[in-house]
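Have a look at the structure below, then the notes.
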There are 2 protein chains.
Amino acid sequence: MSRRNTIQRTLVKNAVMAMSCHPTADEIYDEVLKKCPGISKGTVYRNLNRLADEGEIFRVAVANAPDRFDRTACPHCHFLCLRCGQVCDFKLAHDPEIDPALNPGFVVLDYELVINGYCSECAGDDLSAAPRQLS
Amino acid sequence: MSRRNTIQRTLVKNAVMAMSCHPTADEIYDEVLKKCPGISKGTVYRNLNRLADEGEIFRVAVANAPDRFDRTACPHCHFLCLRCGQVCDFKLAHDPEIDPALNPGFVVLDYELVINGYCSECAGDDLSAAPRQLS
DNA sequence: CTCCTTAATAGTAACTGTTGCTGAAAAGAG
DNA sequence: CTCTTTTCAGCAACAGTTACTATTAAGGAG
């Protein structure tokens, strides 16, 4: 009886699955709060970490910003807009090729690729103007 | 006269250049402290961010851990040991291929690839034992 | 070289994202 | 239903980073 199915755990997982963007822990907390007004922030963080550790969701590290979470557990490619901070999926022509022989002794489990640039909405902006803010 | 060459700025940059590993801001602060005992932590952070913004050094985002900095400003591939937290360079057989046509409207500036796994030192450890600690 | 303007600094407080702690609640086995 | 143990809410604490303010010093003008 190691893992219990609590309402809170289910709500956190459902919230991540329902959000097509790549929400931060705080955004997930806000979303879950709508359906379970009494939930604690610690509970959301604890469940997100457990779900990520167990491979059910994926954690995306972003420089100078809080981590984000993603409903797909398999490693893939993300795009980070340096202007508005939005994170979204990105298609690659070819995945990076990881050759174990080039790095002997290393055990590779998965990888994460983050492309930095400007999203289609921000690319046309006057870059000297103030960046648009995420809601 | 927008950018001044201060001793502190030079020391911070030199410290990053001298460290072959991928130090955190805190490790760089400790290193600079040896040569300039009065330097403020805020100064180190400010200079690291400026150097990264200006493209002289590179910032590496790590999930659930402080950001790390790297002397090479060009995008490349890092390995993160999930056990000891060490970050090091990693060789790729082929770089990922980014096709602008697949993601219309997006402006790609650079990318960052993080491989997760176990480093050669940790790969042989009993994974149920306590992880080795970085110095 | 000396003065002056202004960027950069030291020191500290504040802030944000996250985790740890404690007593209470509840999931699930028997 | 009862008991055990995980998980919870609420809160305090923590780590990493940034903001603020008075002070210092870089570097151009004279």
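Quick note on labels: first sequence line is chain A, next is B, and so on, each numbered from 1. Given the structure is predicted, the values throughout are model-derived calculations rather than measurements.
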| task | Grab the CZ-C1' distance between A:Phe69 and C:dG17 for me, whole Å please. | result | 11 Å
| Rounded interatomic separation in angstrom, taking CG from A:Leu33 and C1' from D:dC8 | 15 Å
| message | Without decimals, in angstroms, what is the distance between B:Ile7 CD1 and D:dA25 C1'? | response | 9 Å
| note | Separation of D:dA9 atom P from A:Lys41 atom NZ, nearest Å, is 14 Å
| Between A:Asn64 (CG) and D:dA19 (C1'), how many Å, whole number? | 15 Å
| said: Please tell me if A:Arg50 has a side-chain N or O lying less than 4.0 Å from either OP1 or OP2 of D:dT7. | reply: yes
| query | Quick one: B:Asn47 CG to D:dT18 C1', roughly how many Å, whole number? | reply | 14 Å
| Atom-pair distance (CG on A:Asp26; P on C:dC15), nearest Å | 16 Å
| task | Write down the distance between CD (A:Glu27) and P (C:dT18), rounded to a whole number of angstrom. | result | 11 Å
| task | Tell me which nucleotide among D:dT17, C:dT18, D:dC8 gets nearest to the side chain of B:Tyr45. | result | D:dT17
| note | Whichever of B:Gln8 and B:Pro66 has the more 5' nearest nucleotide on DNA chain D, that residue is B:Pro66
| request: Could you tell me whether B:Arg59 and B:Asp53 make a salt bridge, using a distance below 4.0 angstrom between a side-chain N and a carboxylate O? | output: yes
| request: Output the single nucleotide from D:dG27, D:dT7, C:dT9 whose closest atom is nearest the side chain of B:Arg4. | output: D:dG27
| field | Ion pair check, B:Asp99 and A:Lys91, cut-off under 4.0 Å | value | no
| field | Nucleotide of C:dT18, D:dT17, C:dA10 approaching B:Ile39 most closely (side-chain heavy atoms) | value | C:dA10
| Counting just side-chain N and O atoms, does B:Asn49 come under 4.0 Å of either OP1 or OP2 of D:dT18? | yes
| message | What's the closest nucleotide to the side chain of B:Asp67 if the choices are D:dT17, C:dT9, C:dT19? | response | D:dT17
| query | Reckon B:Asn5 has a side-chain N or O less than 4.0 Å from the OP1 or OP2 of C:dA7? | reply | no
| If you pin B:Thr6 and B:Ala25 to their nearest nucleotides in DNA chain D, which one's is more 5'? | B:Ala25
| task | Could you please name the option among D:dT17, C:dT19, D:dT7 that lies closest to any side-chain atom of A:Arg9? | result | D:dT7
| task | Would you indicate, yes or no, if C:dT19 has its OP1 or OP2 atom less than 4.0 angstrom from a side-chain nitrogen or oxygen of A:Arg46? | result | no
| Do the side-chain N and O atoms of A:His78 and A:His22 include a donor-acceptor pair separated by under 3.5 angstrom? | yes
| Would you call A:Glu56 and A:Arg50 a salt bridge, using N to O less than 4.0 angstrom? | no
| Under a 4.5 Å cut-off applied to non-hydrogen side-chain atoms, are B:Tyr111 and A:Pro96 in contact? | no
| Does the side chain of B:Thr43 get closer than 4.0 angstrom to OP1 or OP2 of C:dA10 through an N or O atom? | yes
